[in-house]
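Structure first, then comments.
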Amino acid sequence: MPELPEVETIVRALQPHLTGSKLRNPKIFKTDVLRHVSPRRLIEVINNNTVQDVTRRAKHVVIRLATGERVVIQPRMTGNLLVYDRRLTPSESRYVVFRSAIGDGKTFVYRDVRRLGTISLLDATAWESYTQSIGPEPLADDFTAERFADILTRTRQAIKKALMDQRLLAGVGNIYANEALFRAGIDPSRSADRVTQDAAHRLYDAVRGVLAAAVAAGGTTVRDYRNVAGDPGAYQQALLVYGRDGAPCVRCGTRLHTTHSIDGRSTTFCWRCQGRSS
DNA sequence: ACGAGGTCCTGCGAGC
DNA sequence: TGCTCGCAGGACCTCG
């Protein structure tokens, strides 16, 4: 899926197309992505409703409607949110999950090959309780190093797993967890609660730094991620460890190593730069 | 409380 | 060429 920078890129691009526009003739083609809402009810609420605003929370795209409900889309691995100003070709129409006209001849599309992504419809109360169950936004102005360090003390999980735990911290997935841990020089398997204050501070800077840089680059495209216009991001060129298994560490030249021992996800790191002293 | 592993899906590339 | 297998930006669940 897109992680925070990719969803942020999507949301920024969606805003001018969707904000204030009326959703007409919405259609759902795959119903297994819906959560807590029936196809009929979703269509009923969306149809002829106006988009009040589009925001990001963690890795979710949040489309707030004039009537107060929020359509919350979580693209996960292969979900794409796209806006077309023409008819879709047959190959573009493949894997389309949801589609709606948004005025000026434009079409808003949610396309998802693997359909691990989800669409839910939440009223104000349900949204409030959901957003409170997710950790803080790492790029928020009021997210301090002290708060980050405090989060790490709450779990004995491997630091990499903790970074990706959405209940603890919002928006970080596998790519940026790998990158941040390398930047900070921390062993990904180290217990979160045993990361030193010094290392926690470095990791705080690294997480914010890598996320901000990736947002500025329009996200990372390894394979499936596309922005609203259908174009890939640019941050993949700047990745220091993710996808570089066997290549030399940019810092010390040691061959990078990949393991799947942490939460079954690929973890690429430098034995030498991310040693036990962290 | 934690870690390990399966599940939801489909496509792709590697290896035989 | 054609197959089988493992893997993929995620998250939720059960089991031990």
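Reminder, nothing fancy here: chain letters follow the sequence lines and each chain counts from 1.
- Among the heavy atoms of the strands lying under 4.0 Å from A:Val222 is at least one base atom, whether or not backbone atoms are also near.
- Between the side chains of A:Tyr176 and A:Glu6, at least one donor-acceptor pair of N or O atoms lies under 3.5 Å.
- Among the atoms of the strands shown, base atoms are found under 4.0 Å from some heavy atom of A:Asp224.
- Within the 4.0 angstrom heavy-atom criterion, no nucleotide atom of any strand lies near A:Tyr176.
- Spacing between atom NZ of A:Lys161 and atom C1' of B:dA4 amounts to 9 Å, rounded to whole angstrom units.
- Residues A:Arg223 and A:Gln157 each lie close to DNA chain B; by heavy-atom proximity, the contact nearer the 5' end of the strand is made by A:Gln157.
- The structure places CD of A:Glu137 at 10.0 Å from CG of A:Asp142, a figure rounded to the nearest 0.5 Å.
- Nucleic acid contact class of A:Gly173 (heavy atoms, under 4.0 Å, all strands): sugar-phosphate only.
- At distances below 3.5 Å, at least one donor-acceptor pair connects side-chain atoms of A:Asn80 with backbone N or O atoms of A:Asp224.
- Salt bridge absent: A:Lys161 and A:Asp165 never bring a charged side-chain N and a carboxylate O closer than 4.0 Å.
- Within 6.0 Å of the CZ atom in A:Arg86, the count of heavy atoms belonging to other residues, nucleotides or ligands exceeds 12.
- If you check every strand for non-hydrogen atoms under 4.0 Å, A:Ser266 touches sugar and phosphate atoms only.
- If you check every strand for non-hydrogen atoms under 4.0 Å, A:Arg115 touches sugar and phosphate atoms only.
- Counting only Watson-Crick and G-U wobble pairs whose two key distances fall under 3.5 Å, DNA chain B forms stems of three or more stacked pairs at B:2-8 with C:10-16, B:10-16 with C:2-8.
- Counted by atom type alone, A:Lys160 and A:Thr267 present one or more donor-acceptor pairs between their side chains at under 3.5 Å.
- As judged by a 4.0 angstrom heavy-atom cut-off over every strand, A:Arg167 is placed among residues making no nucleic acid contact.
- Nearest to the side chain of A:Arg156, among C:dA11, C:dG9, B:dC2, sits B:dC2.
- In terms of phosphate contacts, A:Lys59 brings a side-chain nitrogen or oxygen within less than 4.0 Å of OP1 or OP2 of C:dA11.
- Contact annotation: side chain of A:Arg114 to base of B:dC9, donor-acceptor pair present below 3.5 Å.
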